[in-house]
Novice: 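Before we start, here is the structure in question, set down as structure tokens.
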Amino acid sequence: MTDLTVTVGGLAGTGTSTLCRLLSANLDLPYTYAGQLFRQEAARRGLSLAEFGALCQEDPAVDRSLDDRQLELLRDGGLLLEGRMAGWLAEHNDVAAFTVWVVCDEDVRMSRIAERDGGDLEEQRAATLEREASEQARFLEYHGADLSDLSIYDLVLDSTDHTPDGLARAVVAEMRAAGVELDVG
């Protein structure tokens, strides 16, 4: 088992999940999606994602328990963890990890979300921006985490005009340049 730990974060529609699937295969790392932890907890409580998000906003203990689970995974190491708070949690808890954040033009993100999830583009935009504002407010209030501060990341990528394969190659190249030992082709 490798000790290599990588975090990938980004707003919805930036392509983080696609990038993570490629990196997981290329780096032979198990991949955990923090959003799945959120979804599992919502389902366990019998709540929709919107209802669970509202609960998280009202009860900081719920959000903190999800963050604690991510931190536990990071401390165990040897994985690829995707989540908006993953890199921040690693950085602010002295967990050795290579941290990546993906950005993308908002219109491109919204088009990707509407294509992926279906529905009206403007309805998707409104719902997504509302959810992102809620998350940012919680992250800032509970942790002092400002997701717009990209200075903590080892690598910031823009997926607007780049293919997922190109982004994965850029991550591997940057990791090698940073002296991270990799066993990849």
Side-chain angles (χ1 to χ4, degrees), residues 6-24 29-76 79-93 99-150 153 157 159-160 164 167:
V6 178
T7 71
V8 176
L11 298 177
T14 58
T16 55
S17 295
T18 302
L19 175 59
C20 285
R21 284 189 292 275
L22 291 168
L23 288 174
S24 177
L29 282 175
Y31 165 42
T32 300
Y33 173 47
Q36 189 59 34
L37 301 174
F38 187 89
R39 285 171 173 76
Q40 288 170 345
E41 185 61 20
R44 188 185 72 75
R45 293 170 182 255
L47 299 173
S48 71
L49 292 179
E51 291 167 334
F52 188 60
L55 175 63
C56 288
Q57 205 162 5
E58 294 170 16
D59 185 356
V62 176
D63 233 14
R64 286 193 182 109
S65 71
L66 294 169
D67 294 339
D68 289 345
R69 177 67 183 126
Q70 288 184 75
L71 189 53
E72 178 184 320
L73 291 167
L74 288 166
R75 286 184 171 140
D76 287 346
L79 83 155
L80 173 62
L81 179 61
E82 176 191 359
R84 289 192 242 312
M85 284 293 294
W88 192 93
L89 288 167
E91 174 71 18
H92 288 85
N93 289 280
T99 57
V100 178
W101 186 263
V102 183
V103 298
C104 183
D105 174 80
E106 184 178 301
D107 288 336
V108 173
R109 287 191 319 112
M110 296 309 149
S111 293
R112 289 174 181 172
I113 293 167
E115 182 177 318
R116 178 191 69 202
D117 297 344
D120 177 75
L121 175 64
E122 291 311 312
E123 288 176 7
Q124 286 286 7
R125 180 186 304 272
T128 299
L129 294 177
E130 181 179 341
R131 185 175 64 250
E132 289 172 357
S134 170
E135 288 174 349
Q136 174 62 18
R138 288 195 330 263
F139 298 158
L140 196 56
E141 179 181 347
Y142 300 164
H143 301 288
D146 179 1
L147 295 185
S148 67
D149 177 9
L150 304 182
Y153 295 95
L157 298 170
S159 69
T160 303
L167 296 174

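Counting from 1, the numbers follow the sequence of the chain as shown.
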Novice: Could you tell me whether R125 and E106 make a salt bridge, using a distance below 4.0 angstrom between a side-chain N and a carboxylate O?
Specialist: yes
Novice: With a 4.5 Å heavy-atom cut-off, do T16 and L11 have their side chains touching?
Specialist: no
Novice: Is any side-chain heavy atom of D107 closer than 4.5 Å to a side-chain heavy atom of M110?
Specialist: no
Novice: Without swapping roles, check the side chain of T160 against the backbone of D105 for a donor-acceptor pair under 3.5 Å.
Specialist: yes
Novice: Measure the spacing between CZ of F38 and CD of Q70 and express it to the nearest 0.5 Å.
Specialist: 11.0 Å
Novice: Got L89 and L74 here, is their nearest side-chain heavy-atom distance under 4.5 Å?
Specialist: yes
Novice: Could you tell me if R84 sits above the aromatic ring of F139, with its cationic atom closer than 6.0 Å to the ring centre and no more than 45 degrees from the axis?
Specialist: no
Novice: Report yes or no: does Y142 contribute a side-chain atom to a donor-acceptor pair with the main-chain N or O of A61 at less than 3.5 Å?
Specialist: no
Novice: Please confirm whether the backbone N or O of A133 pairs with a side-chain atom of Q136, one donor and one acceptor, at under 3.5 Å?
Specialist: no
Novice: So which heavy atom on V62 is nearest to which on C56, and how close?
Specialist: CG1-SG, 3.6 Å
Novice: For L157 and V100, what are the C-alpha separation, side-chain angles and deciding distance, and is it a side chain to side chain contact (heavy atoms under 4.5 Å, CB included)?
Specialist: CA-CA 8 Å; L157 298 170; V100 178; 4.1 Å; yes
Novice: Can you give me the closest heavy-atom contact between G10 and W101, atom names plus distance?
Specialist: N-CZ3, 3.4 Å
Novice: Nearest 0.5 Å, please: how far is CG in D68 from CZ in R75?
Specialist: 8.5 Å
Novice: Could you tell me whether R69 and E72 have a side-chain N and a carboxylate O separated by less than 4.0 Å?
Specialist: yes
Novice: Is there a donor-acceptor contact under 3.5 Å from the side chain of S134 to the main chain of E130?
Specialist: no
Novice: Which is it for V8 and V102 under the side chain to side chain contact (heavy atoms under 4.5 Å, CB included) test, yes or no, and what are the steps along the way?
Specialist: CA-CA 7 Å; V8 176; V102 183; 4.3 Å; yes
Novice: Looking only at atom types and distance, does a side-chain atom of E41 sit under 3.5 Å from a main-chain N or O of L66, one as donor and one as acceptor?
Specialist: no
Novice: Do any N or O atoms from the side chain of D59 and from the backbone of L55 form a donor-acceptor pair under 3.5 angstrom?
Specialist: no
Novice: Under a 4.0 Å threshold between the charged nitrogen and the carboxylate oxygen, would E58 count as salt-bridged to R138?
Specialist: no
Novice: OG of S159 to CG of L167: how many Å apart, nearest 0.5 Å?
Specialist: 6.0 Å
Novice: Without swapping roles, check the side chain of S24 against the backbone of L29 for a donor-acceptor pair under 3.5 Å.
Specialist: yes
Novice: If every non-hydrogen atom of E132 is compared with every non-hydrogen atom of A12, which pair is closest and at what distance?
Specialist: OE2-N, 3.7 Å
Novice: With a 4.5 Å cut-off on side-chain heavy atoms, are Q57 and D63 touching?
Specialist: no
Novice: Please report the closest heavy-atom contact between S111 and L121, naming both atoms and the distance.
Specialist: N-CD1, 3.8 Å
Novice: Looking at CE of M85 and CG of D67, how far apart are the two atoms once the value is rounded to the nearest 0.5 Å?
Specialist: 5.0 Å
Novice: Quick check: closest heavy atoms across G13 and R116, and the distance to 0.1 Å?
Specialist: N-NH1, 4.4 Å
Novice: Are more than 12 heavy atoms, taken from residues, nucleotides or ligands other than Q36, located less than 6.0 Å from that residue's CD atom?
Specialist: yes
Novice: Please tell me whether E82 and S17 have a donor and an acceptor in their side chains that are separated by less than 3.5 angstrom.
Specialist: yes
Novice: For the side chain of T7 and the backbone of L81, is there at least one donor-acceptor N/O pair under 3.5 Å apart?
Specialist: no
Novice: Evaluate R39 against Y33 for side chain to side chain contact (heavy atoms under 4.5 Å, CB included), listing each step before the verdict.
Specialist: CA-CA 10 Å; R39 285 171 173 76; Y33 173 47; 3.5 Å; yes
Novice: Write down the atom of P164, the atom of L19, and the distance for their closest heavy-atom approach.
Specialist: O-CD1, 4.3 Å
Novice: Can you confirm whether L73 sits close enough to L79 that some side-chain heavy atom of one is under 4.5 Å from a side-chain heavy atom of the other?
Specialist: yes
